[in-house]
Amino acid sequence: VYPSRYEGFGLVLLEAMSFGLPVLTCNNSSLPEVVKNESMLVETDDVGALATKMLAILIGNQSLRKNMIQYGYQRCKIFNWQKSALNTLHVYESLFPPRDKVQ
């Protein structure tokens, strides 16, 4: 459970999903983009919904829990450090081309 009010990316969520944990977080900032699954999201200040979903995941709906874990494993595969580093490098190269390519 990660009821954050603001996150720049949500690395904590990916880490939890990679360890086979069902993730529940708020529907603000970058968090919905990271999880991309409505069953994993609650309104930021809706404490009742947070509690209800927590109970459903922990003791209520084992099928939901199992599906969230499986989804998390699949979702983590989309993100990786090598891809991130290459994308960052391409941005830098587009902004600052190597001297031998400057005309």
Side-chain angles (χ1 to χ4, degrees):
V1 177
Y2 196 65
S4 178
R5 290 187 176 274
Y6 178 80
E7 287 300 316
F9 177 70
L11 191 58
V12 172
L13 302 176
L14 289 175
E15 184 176 30
M17 288 188 287
S18 75
F19 281 98
L21 299 172
V23 168
L24 181 58
T25 192
C26 294
N27 66 346
N28 61 41
S29 61
S30 64
L31 302 175
E33 184 178 351
V34 174
V35 297
K36 290 234 183 215
N37 186 326
E38 287 299 314
S39 65
M40 299 175 147
L41 298 169
V42 295
E43 292 289 330
T44 304
D45 294 319
D46 192 344
V47 177
L50 182 64
T52 299
K53 283 194 176 186
M54 284 172 59
L55 287 172
I57 294 165
L58 290 172
I59 60 174
N61 189 335
Q62 294 307 307
S63 176
L64 172 64
R65 179 184 173 87
K66 184 178 176 181
N67 289 341
M68 289 174 77
I69 291 169
Q70 194 62 32
Y71 175 83
Y73 282 134
Q74 296 304 313
R75 186 73 182 142
C76 287
K77 291 178 183 178
I78 294 170
F79 302 93
N80 68 62
W81 286 113
Q82 184 175 359
K83 181 178 172 183
S84 178
L86 287 174
N87 287 340
T88 302
L89 178 62
H90 293 315
V91 169
Y92 289 153
E93 288 177 341
S94 72
L95 296 171
F96 306 103
R99 289 184 185 264
D100 59 338
K101 292 184 181 179
V102 176
Q103 300 190 10

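Here, residue 1 is the first one in the sequence, and each next residue gets the next number. All values below were derived from every heavy atom in this structure, side-chain atoms included, with hydrogens, water molecules and symmetry-related copies excluded.
In terms of hydrophobic clustering, with Ile, Leu, Val, Met, Phe, Trp and Tyr side chains grouped at heavy-atom distances under 4.5 Å, Y71 and Y73 are assigned to different clusters. Residues L64 and L58 are members of separate hydrophobic clusters, defined by side-chain heavy-atom contacts under 4.5 angstrom among Ile, Leu, Val, Met, Phe, Trp and Tyr. Under the 4.5 Å side-chain heavy-atom criterion for Ile, Leu, Val, Met, Phe, Trp and Tyr, L86 and V91 are members of distinct hydrophobic clusters. I69 and L21 fall into different hydrophobic clusters, where Ile, Leu, Val, Met, Phe, Trp and Tyr side chains are chained together by heavy-atom contacts under 4.5 Å. Neither L11 nor F19 shares a network with the other; the hydrophobic side chains, linked directly or stepwise wherever heavy atoms of I, L, V, M, F, W or Y lie under 4.5 Å apart, form separate groups for each.
The heavy-atom pair separating L31 from G10 by the smallest distance is CD2-CA, 4.1 Å. Closest approach of C26 to S4, counting heavy atoms only: CB-O, 3.5 Å. When all heavy atoms of C76 and S18 are compared, the pair lying nearest together is SG-N, 3.5 Å. The two residues S94 and P97 have their closest heavy-atom pair at O-CD, 4.5 Å. E38 and K53 get closest at one heavy-atom pair: O-NZ, 3.2 Å. Of all the heavy atoms in V1 and M54, the pair that sits closest is CG2-CG, 3.7 Å.
Here M17 contributes atom CE and M68 contributes atom CE; the two are 9.5 Å apart, rounded to the nearest 0.5 Å. One distance of note links CD1 of I78 with NZ of K36; it measures 8.5 Å at 0.5 Å rounding.
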Review item, side-chain donor-acceptor pairs of residues 39-52, under 3.5 Å, at least two apart:
unit_1, atom_1, unit_2, atom_2, d
S39, OG, N37, OD1, 2.7
E43, OE2, N27, ND2, 3.1
T44, OG1, N28, ND2, 2.9
D45, OD1, R5, NH1, 3.0
D45, OD1, R5, NH2, 2.8
D46, OD1, G48, N, 3.4
D46, OD1, A49, N, 3.0
T52, OG1, G48, O, 2.9

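Without hydrogens or angle criteria, S84 side chain to W81 main chain gives no donor-acceptor distance under 3.5 Å. Proximity of a side-chain donor or acceptor of S30 to a complementary backbone N or O of F9 within less than 3.5 Å is detected.
Listed by chain and number, the residues in a ring pair (Phe, Tyr, Trp, His ring centres under 6.0 Å) with Y2 amount to none (sequence neighbours excluded).
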